[in-house]
Amino acid sequence: MKLSTRIILSAAVLLAVSNSPAFAQEQDPGMWDKASLQKDNPNLKWFKEAKFGMFIHWGLYSKLAGEYKGKRYYGSGEWIMNQGKIPAAEYAEEAKSFNPVDFNAEEWARIAKDAGIKYMVITAKHHEGFAMYDSKVSDFNIVKATPYGKDPMKALAEATRKQNIPFGFYYSQFIDWHEPNGGKNGWDFDESKKDYQKYYREKAIPQLKELLTGYGPLGIVWFDMPGGLSKAQTQQLVDSLHQLQPKSLFSSRVGQGLGDYRDFGDSEIPDVPIKDAVWESIYTHNDSWGYIKHDMNFKSSEEIIRLLARVVSKGGNLMLNVGPDGLGNIPPYSVKYLLETGAWLKKYGESIYGSDYGLVPPQPWGVTTSKPGREFLHVFHRPSDGRLLVPGLKAKVTKVYDLNTKVSLKWVADGDDLFLSLPEFKGRNPDQVFVVEYSGKAQDHSDNKTTVVSPQYEQNSLDAISAQLEGKAEIKSLTYSHYYGDWKHTTCVVEMKSPSDGAEFKMRLTGAGDYKVILEYACPQESSRQEGKIAFNGKDYLFRTLRTSEFDKSAPLMFIKHTVAIISADRAGEYSLKVSPLQEGKELFKLKSVELVPIN
C-alpha cells in the first residue's frame, strides 16, 4: 500500500461514522477521554521522564484577544467563536488582518529551554478550524488567508529541535466550527444534515497526514474532543497515523481508550498516585488557554513550582499552557514566571525530572517524589520548631542533605519515623528540597490514609480522599467552572443523609493541645440549616449547615470555611474524627475537607 493511501479510512468504515445531531454546542467535560491503552511502550520512556511540558494555544482567536464587536469575553479565549456564536464566514474575515509579525521561533524555544521545559505542544488547528501552518488541504490557514504569509510551525519545529526539545502538535480532530460538516457548530449549520465522514475524509485526516509528514519527527500528537468515530474506526485511524510516525505518542483524547498515555481533564490532578499508567495533567497559566488581553490572573512562579511538585508526587507530568497574543508575543508574566521556575529547576530539577511518585503521602509540610535509593522531600512549609517528621519511611537511611547546597542534615530514625533537624530557611523559596538516601528498598507508604496533624503548622487538612466512609456516603470528584471553560475539580464526601452515613478521618496528632475545627463544604439551599455532628475523643460537637450555592457544572461551586468547634487532645497519639448528619434528611453537604488549626 502506498504511503499516500495508508491514512485514508476505508469507505466502509467511514460510512458508519455517526451523524447524530445530539452533540452539545457548549463545552462538555464528558468529551474528555481519560483512558489510555496502558500497554508497555518503549516510546513512552522519554515522556515519563520529562515531567514538565509547555502547551501553546495560538490561533486566529489570539488576534481577537477575548473581545469581539465591543463585547469582552472571559474564560476560554479560543472558544470566542462559539461563545459569540459568530458566523463562520464572518469569523473567517478576521484572518485578513491577522499578522503576527513579532513571532520569533528562536525566542520561544529559548524561553522554553530556560524555563526547564522538556517538551512542547502547539495548536496546529483548534476548534475554530483555522490551520496555523501551510495546509494544502484548506486555504483557511495562516499562509494563504493572512498578510503574514509564512508558516510559523516550520520555524518552531526547527527551533525546538535545535534546543533538543521534543515537539508536537495539538489537533482538534472532530470539532471544527468553520466546516459545514465539522463537529459542534449548530448556529451556522444544521446538525442533522452534517456528514461527519466527509469532514474526516476531506479535511481532518489529510491535515493530520500533512502534520505527520511535513514537520520532522513529532514527539506527540495531542488530540482533543473526540467524536463521530466508533472504537474500530478510531483504531484504524490510530494505526494509520502510527504508520507515518511510529514513535510519535498520541494523547488519550484521540478517543475510545486508544491513546498511548492518559490525560486528565483540564486543570485536574488525581487525588492519589497513579501507579499503573503514564499520565499528564494540563493547566492554564492564567484563566484561559487562548490569549485574552484582560485576563491577568497569572500563576506566580511559586504556584507553578508547587503545582509541578504536586503533579510529579502523584507520578505524572505537568503540561503548562501559555497563550501568545495576536502579534506573536508570549505574555510578559508568562515569560517572567516561567524563567523563575526554570531557575528553581536548575537547582532542584533532580527531584523532578525522571522521578516517580512519592513513597510518603502528602504531609503538612509538603509532598515527596522518589528515585531508587532516594526520597525527595519538597518542603513548602517549615515546621515552626524546625523538626520535620517523615512518617512510615521504612528504609535503612544512610544520608540526608539539602539538594541544592549538598549540606548534610542531622537526622534521627525512630521506628518507622524519620526526624530531620532543618536549618532556618533563608529568603523566599517556594519549595525547599531535601534528599533522604537509603540502602535496600523502602516501603511504599503512599496509600496510607492516616493524616499527620501537628501544632507546628498553621493549619492541617484532612482531605475528603482520606476519609473512611460509613453507610451510603460516597467520595466523588465534582467538576464545575468559574469563567467559561475555566474548569475546576474538587473531591468531596457526598450523600451523607442519615446518622448512619459518615466520614471518619484517621489522624496522628504529634502534640497535645487545642485545635479549631473548620469544615470546608458546599451546601445548596435545600441542604442548609440541617444539624450535623463531629465526634472526637469521646465527645460530640454539633453544628448547623450554612447555604453556599447549588451544584451546576457550568457555574462556580462555592465553598465556605465554617468554623464549628474547638477540640482538645491531652496527649500525642492516634485519633479519629467523624463527621455525620445528626438526623435523617437531605444530603448534609459536599464536604471538601476538615481543617485543624492549632491554638497556641
Side-chain angles (χ1 to χ4, degrees), residues 26-29 31-32 53-69 71-86 88 90-92 94-95 97-100 102-103 108 111 120-133 140-142 145-146 148 152-153 156 168-173 175-178 182 184-185 222-225 253 265-267 282-299 319-335 338 481-487:
E26 305 303 324
Q27 287 200 13
D28 180 9
M31 290 185 72
W32 297 329
M54 177 184 283
F55 216 171
I56 302 176
H57 276 64
W58 194 39
L60 194 52
Y61 47 80
S62 305
K63 170 190 171 292
L64 297 179
E67 185 172 336
Y68 191 71
K69 291 187 174 181
K71 181 178 180 180
R72 283 184 293 274
Y73 294 85
Y74 291 79
S76 295
E78 71 286 358
W79 278 71
I80 190 170
M81 183 179 173
N82 180 289
Q83 285 199 74
K85 298 298 182 282
I86 304 170
E90 183 180 316
Y91 188 86
E94 295 294 329
S97 56
F98 181 36
N99 193 15
D102 292 347
F103 170 69
W108 284 20
I111 290 169
M120 179 187 291
V121 175
I122 187 169
T123 48
K125 178 187 79 78
H126 206 271
H127 307 327
E128 64 181 1
F130 184 75
M132 289 294 290
Y133 71 98
F140 191 46
N141 70 70
I142 193 169
T146 77
Y148 185 68
M153 300 299 104
L156 192 57
F169 287 121
Y170 166 111
Y171 189 87
S172 174
Q173 74 268 34
I175 300 178
D176 191 316
W177 302 320
H178 181 73
K184 298 193 79 170
N185 178 347
W222 212 97
F223 295 89
D224 196 17
M225 298 295 203
R253 293 194 192 179
D266 296 0
S267 308
I282 58 170
Y283 270 78
T284 55
H285 190 199
N286 49 1
D287 290 327
S288 174
W289 301 94
Y291 178 73
I292 293 181
K293 61 186 176 183
H294 44 272
D295 180 357
M296 300 300 292
N297 186 27
F298 292 90
K299 295 175 180 65
M319 186 161 66
L320 184 72
N321 181 77
V322 298
D325 65 21
L327 291 174
N329 301 294
I330 297 175
Y333 281 126
S334 289
V335 175
L338 278 169
S481 65
H482 283 187
Y483 292 136
Y484 184 91
D486 179 21
W487 296 106

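Here Y483 pairs with Y74, D287, D486 under the side-chain contact (heavy atoms from CB on, under 4.5 Å) rule; sequence neighbours left out. For F130, the ring pair (Phe, Tyr, Trp, His ring centres under 6.0 Å) criterion is met by F140, not counting sequence neighbours.
Counting all heavy atoms, side chain and backbone alike, G66 lies closest to I80 at C-CD1, 3.8 Å. Shortest non-hydrogen contact noted between F98 and T146 is O-CB, 3.2 Å. Summarising the geometry of P331 relative to P324, their closest heavy-atom pair is CD-CA, 4.1 Å, with the distance given to 0.1 Å.
Atoms OH and OG1, on Y171 and T123 in that order, are 12.5 Å from each other to the nearest 0.5 Å. For the atom pair M225 CE and D176 CG, the distance stands at 14.0 Å (nearest 0.5 Å). Note that NZ of K125 and CG of L60 are 13.0 Å apart. Values are rounded to the nearest 0.5 Å. In this structure, OG in S267 is found 5.5 Å from OH in Y283, a value given to the nearest 0.5 Å. Rounding to the nearest 0.5 Å gives a distance of 12.0 Å between NE2 of H126 and CE of M132. Residue W222 holds its CH2 atom at 10.5 Å from OG of S172, rounded to the nearest 0.5 Å.
Side-chain atoms of H482 never come within 3.5 Å of backbone atoms of G75 as a donor-acceptor pair (strictly under, hydrogens ignored). Judged purely by atom type and a 3.5 angstrom limit, Q173 has no side-chain atom pairing as donor or acceptor with the backbone of F223. No side-chain donor-acceptor contact under 3.5 Å links Y170 to the backbone of I122. Side-chain N or O atoms of K299 include one that pairs as donor or acceptor with a backbone N or O of T284 at under 3.5 Å. S288 places a side-chain N or O within donor-acceptor distance of the main-chain N or O of G290, the cut-off being under 3.5 Å.
Aromatic pair H285/Y333: centroids not less than 6.0 angstrom apart. The distance between the ring centers of W58 and F103 falls below 6.0 angstrom.
Residues H127 and N82 have side chains not in contact (no heavy-atom distance under 4.5 Å, counting atoms from C-beta outward). Two residues are said to be in side-chain contact when any heavy atoms from C-beta on lie closer than 4.5 Å; I86 and K69 fail this criterion.
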Exercise. Given the rule in the side chain to side chain contact (heavy atoms under 4.5 Å, CB included) test, do W108 and V322 qualify, once you have shown the distances and angles that lead to the verdict?
Worked result: CA-CA 11 Å; W108 284 20; V322 298; over 6 Å; no

Exercise. Would H57 and S62 count as a side chain to side chain contact (heavy atoms under 4.5 Å, CB included) if you check the C-alpha gap in whole Å, the side-chain angles of each, and the deciding distance to 0.1 Å?
Worked result: CA-CA 8 Å; H57 276 64; S62 305; over 6 Å; no

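If you run ring pair (Phe, Tyr, Trp, His ring centres under 6.0 Å) between W79 and each of W177, Y68, W289, only W177 comes through.
Using modelled atom types, one finds a donor on one side chain and an acceptor on the other under 3.5 Å when comparing Y91 with E128.
Here D266 pairs with R253 in a salt bridge; the nearest charged N to carboxylate O distance falls below 4.0 Å.
Under the salt bridge (Lys or Arg N to Asp or Glu O under 4.0 Å) criterion, no residue pair touches residues 319-329, with sequence neighbours excluded.
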